[in-house]
Amino acid sequence: MQKTWLITGVSSGLGRLLAQKVLARGDHVVGTSRRADALPDLRERYPQRLGIVALDLRDQAAVRGAVDLAFEERGRIDIVVSNAGYGLVGAAEEVSDQQVRDIVATNLMGSITLIQAALPHLRKQGGGRIQQLSSEGGQIVYPGLGLYHATKWGIEGFVETVALEVAPFGIELTLVEPGPTRTEFGGNLAHAEALDAYEETPVGQTRAAVRGSWVVKGDPERVTEAMIGLAVREGPLPRRLVLGADAYARIRKALGGRIDELDSQKEISVAADFTEAELARL
């Protein structure tokens, strides 16, 4: 069946490729980009099925207006893909206040506002699906990417909560967690002003990796195919979709480590409660 998608960040990377693929399937797309003239080739090829809305995710009022307009013009939107975002490389003491504000406003607040704006429309139409692009960085961390991780761990907590709140309305949310993927993401990284003190530390190693020593195995073609498969899948959707062998291995190792640490603290954890006898006297 023909579906209608709302996809943020369609000018490049996974957003562009996803839009291209679903249009080729015969679906409709409302895409957002900072530039209203984005995707001229696709707009020429699919003039009736692709619309572009100029949008800066840092502008919450504009996000709400764009979402309202998209639903008003299309009547129904089946899949919302919150894709737009970027990374910031820098140790905690290196990043500037403005860099912190910008990445939080874009990656976290922008995604939150998009989902908030979509929910009343999805509820009114009787359901729909939201895919929130996170990354393996929503469950694991790399030194020097702390602000990026803050936004991803933050949106993961928000999406998990919202999924429970809106399930009775037939609205499903999934966190899509790719590992490093061969898109323009690396070239679009923002960088803090580096301090010499961090050169020979794990932060310096991360800087070297993003400069080119990191082997990027993720295939954007396969990642976007998995996202389309998720969108059209019958039955309940997973809360998270991890994409990439390395991402799977790293997340699994991190989760195992957390469980081991939790188990090692069981006595301390349990001892922090009132005893049953004390509760009876309260």
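Note that the structure is a prediction, hence the values are computed from the model and not measured.
Nearest heavy-atom pair, Ser134 versus Gly138, reported as atom, atom and distance to 0.1 Å: OG-CA, 3.7 Å. Taking both residues in full, the closest heavy atoms of Ala117 and His121 are given as O-CD2, 3.2 Å, listed atom of the first, atom of the second, then distance. Scanning all heavy atoms of the two residues, the minimum distance from Val30 to Ala70 falls at CG1-CB, 3.9 Å. Minimum heavy-atom separation, Ser11 to Arg35: CB-NH1, 4.3 Å. Shortest non-hydrogen contact noted between Arg129 and Ala231 is NH1-O, 2.8 Å. In plain terms, the two heavy atoms of Val203 and Gly144 that are nearest each other are CG2-N, 4.0 Å.
No continuous path of ILVMFWY side-chain contacts below 4.5 Å connects Val80 to Leu17, so the two sit in separate hydrophobic clusters. Residue Tyr198 is not grouped with residue Val95 when hydrophobic side chains (ILVMFWY) are merged at heavy-atom distances under 4.5 angstrom, including chains of intermediate members. When hydrophobic clusters are built by joining Ile, Leu, Val, Met, Phe, Trp and Tyr residues whose side-chain heavy atoms come closer than 4.5 Å, directly or via intermediates, Val141 is not grouped with Ile155. Follow the hydrophobic side-chain contacts under 4.5 Å out from Val104 and you reach Ile115 in the same cluster. Leu18 and Leu23 fall within a single hydrophobic cluster, where Ile, Leu, Val, Met, Phe, Trp and Tyr are joined by side-chain heavy atoms under 4.5 Å apart, directly or via other members.
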Worked verdict on Leu6 versus Ile79 for side chain to side chain contact (heavy atoms under 4.5 Å, CB included): CA-CA 6 Å; Leu6 171 60; Ile79 305 111; over 6 Å; no

Working for side chain to side chain contact (heavy atoms under 4.5 Å, CB included), residues Trp5 and Ile228: CA-CA 11 Å; Trp5 300 62; Ile228 293 169; 4.3 Å; yes

Step by step, work out the side chain to side chain contact (heavy atoms under 4.5 Å, CB included) result for Val162 and Val159. CA-CA 5 Å; Val162 174; Val159 167; 5.7 Å; no

Can Gln116 and Ile112 be said to form a side chain to side chain contact (heavy atoms under 4.5 Å, CB included), step by step? CA-CA 6 Å; Gln116 286 179 313; Ile112 288 173; 3.8 Å; yes

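Between the side chains of Glu177 and Tyr248, no donor-acceptor pair of N or O atoms lies under 3.5 Å. Side-chain atoms of Gln60 and Thr113 include a donor-acceptor pair closer than 3.5 Å. Ser264 and Glu261 are not linked by any side-chain donor-acceptor pair at a separation below 3.5 angstrom, with hydrogens and angles left out of the test.
At a threshold of 4.0 Å, the pair Arg58-Asp102 counts as salt-bridged, since one of the basic side-chain nitrogens sits closer than that to a carboxylate oxygen. Taking a cutoff of 4.0 Å between a charged side-chain nitrogen and a carboxylate oxygen, Arg240 and Glu156 qualify as a salt bridge. Under 4.0 Å is where a charged nitrogen must lie from a carboxylate oxygen, and between Glu94 and Arg207 at least one such pair does. Salt-bridge formation is detected for the pair Arg76/Asp78: a Lys NZ or Arg NE/NH1/NH2 atom is positioned less than 4.0 Å from an Asp or Glu carboxylate oxygen.
Remark: the backbone N or O of Asp37 is paired with a side-chain donor or acceptor of Arg43 at under 3.5 angstrom. Panel note: side chain His149, backbone Ile140; a donor-acceptor pair is recorded below 3.5 Å. Between the side chain of His191 and the main chain of Val89, no donor-acceptor pair closer than 3.5 Å is present. Panel note: side chain Thr8, backbone Asn83; a donor-acceptor pair is recorded below 3.5 Å. Under the 3.5 Å distance criterion, the side-chain polar atoms of Tyr86 are left unmatched by any main-chain donor or acceptor of Ala190. Looking at Glu160, its side chain never comes within 3.5 Å of a backbone N or O of Gly157 through a donor-acceptor pair. Put simply, the side chain of Thr201 never gets that close to the backbone of Ala197: no donor and acceptor are under 3.5 Å apart. Using modelled atom types, no side-chain atom of Gln132 and backbone atom of Thr174 make a donor-acceptor pair closer than 3.5 Å.
Among Leu237, Leu114, Leu119, the one residue that satisfies the side chain to side chain contact (heavy atoms under 4.5 Å, CB included) test with Ile130 is Leu119.
Within the structure, salt bridge (charged side-chain N to carboxylate O under 4.0 Å, His left out) pairs that include any residue of residues 10-26 comprise Arg16-Asp41, Lys21-Glu221, Lys21-Glu225, Arg25-Asp27 (at least two apart or interchain).
Looking only at side-chain heavy atoms (C-beta outward), Arg250 and Tyr142 come within less than 4.5 Å of each other. Considering only heavy atoms from C-beta on, Phe169 stays 4.5 Å or farther from Leu122 through its side chain. For the pair Met227/Leu133, a side-chain contact is recorded, criterion being any heavy-atom separation below 4.5 Å from C-beta on. For the pair Ser82/Gln131, no side-chain contact is recorded, criterion being any heavy-atom separation below 4.5 Å from C-beta on. In this structure the side chain of Leu88 never reaches within 4.5 angstrom of the side chain of Leu189, judged on heavy atoms. Counting only heavy atoms from C-beta outward, the side chains of Leu195 and Glu93 approach each other to under 4.5 Å. Between Leu147 and Gln99 there is no side-chain heavy-atom pair separated by less than 4.5 Å. Contact of the Arg49 side chain with the Val29 side chain is not registered, since no non-hydrogen atoms from C-beta on lie closer than 4.5 Å.
Counting non-hydrogen atoms of neighbouring residues, nucleotides and ligands closer than 6.0 angstrom, the CZ atom of Arg252 reaches no more than 12 such neighbours. In this structure, Gln98 places its CD atom where more than 12 heavy-atom neighbours from other residues, nucleotides or ligands lie under 6.0 Å away. For Glu200, the CD atom sits in a loose shell: 12 or fewer heavy atoms of surrounding residues, nucleotides or ligands are nearer than 6.0 Å. Counting non-hydrogen atoms of neighbouring residues, nucleotides and ligands closer than 6.0 angstrom, the CD atom of Glu267 reaches no more than 12 such neighbours.
The distance from the CG atom of Leu50 to the CD atom of Gln20 is 11.0 Å, given to the nearest 0.5 Å. Rounded to the nearest 0.5 Å, atoms OG (Ser96) and CD (Glu193) are 9.5 Å apart. Rounding to the nearest 0.5 Å places CD of Glu72 at 11.0 Å from CD1 of Ile77. Taken from CG in Asp59 to OG1 in Thr106, the straight-line distance is 11.0 Å, to the nearest 0.5 Å. Expressed to the nearest 0.5 Å, how far CZ of Arg64 lies from CG of Leu69 amounts to 16.0 Å. In this structure, CZ in Arg233 is found 10.0 Å from CD in Glu172, a value given to the nearest 0.5 Å.
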